[in-house]
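Heads up: the structure comes next, in structure tokens.
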Amino acid sequence: MRVRDYYTQGTRSFLRLHEKAGRFNENPAHHVIQAYMEDYIGAAGIGADRDGPLFRAADGRSKRPTLSGGRLTRQRAWEMVKRRAAAAGLPYEITPHSFRGTGITEYLRGGGDRDVAARIAGHE
């Protein structure tokens with residue numbers, strides 16, 4: 001994702017997720033995600049770099065690493081999730097993909113519409 005894939009229209013923010021075969025899926029951001037994204041983009045100082053990567057790799061593993069201009073790779077994201085899950089005592093089977101199912105399940109538990117959940121999941 002690039003910085004431009006997170007955008008605001010009026011008071012609502014959206015995330016544009018890039019799918020297979022060049023398709024994309026635009027979803028409204030939950031208000032909690034909106035707050036986190038605004039804080040992250042502001043703290044990282046990347047708001048003006050609309051074509052730059054949204055999630056960036058850190059330079060080193062110090063207590064206060066700085067963000068590089070490079071993209072956070074899938075492998076690094078996977079490793080980060082695995083480290084944090086292990087530190088929290090969660091099962092080894094937790095992966096970044098686990099968040100997708102959990103997010104959709106919680107959306108439906110909160111009264112969300114099944115058709116909207118299917119669209120968010122990218123299902124026909």
A side-chain contact here means heavy atoms from C-beta on lying under 4.5 Å apart; do [X] and [Y] qualify?
X   : Y   : value
R12 : Q9  : no
R84 : L90 : no
T95 : V81 : no
M37 : L54 : yes

Tell me, which pairs form a salt bridge (Lys or Arg N to Asp or Glu O under 4.0 Å) where one or both residues lie in residues 24-39, sequence neighbours left out?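 Non-adjacent pairs meeting salt bridge (Lys or Arg N to Asp or Glu O under 4.0 Å): R16-E26.
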
According to the salt bridge (Lys or Arg N to Asp or Glu O under 4.0 Å) rule, which pairs have a member within residues 87-106, sequence neighbours left out?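 Pairs touching residues 87-106 that pass the test: E106-R109.
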
According to a 4.5 Å side-chain heavy-atom criterion applied to Ile, Leu, Val, Met, Phe, Trp and Tyr, with indirect links allowed, do [X] and [Y] form part of one hydrophobic cluster?
X    : Y    : value
L17  : L72  : yes
M80  : F55  : yes
L15  : I104 : no
V116 : L108 : yes

Kindly give the heavy-atom pair with the smallest separation between [X] and [Y], and that separation in Å.
X   : Y   : answer
R2  : R71 : NH1-NH2, 3.5 Å
I46 : P53 : CD1-O, 4.3 Å
V3  : G47 : CG1-O, 4.1 Å

side-chain hydrogen bond (donor to acceptor under 3.5 Å, both in side chains) contacts touching residues 43-58 (sequence neighbours left out):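 Listed once each, the pairs are R4-D51, D49-R56.
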
What pairs of residues pass the ring pair (Phe, Tyr, Trp, His ring centres under 6.0 Å) test when at least one of them lies in residues 4-28, not counting sequence neighbours?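 Listed once each, the pairs are Y7-F14.
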
Check for a donor-acceptor pair, side chain of K82 on one end and backbone N or O of A77 on the other, with a separation under 3.5 Å.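 The answer is no, because no donor-acceptor pair under 3.5 Å joins these two groups.
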
T73: partners by side-chain hydrogen bond (donor to acceptor under 3.5 Å, both in side chains), with sequence neighbours left out: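 Not a single residue meets the side-chain hydrogen bond (donor to acceptor under 3.5 Å, both in side chains) criterion with T73.
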
Co-members of the apolar cluster containing V32 [side chain, <4.5 Å]: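 Besides V32, the cluster holds Y36.
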
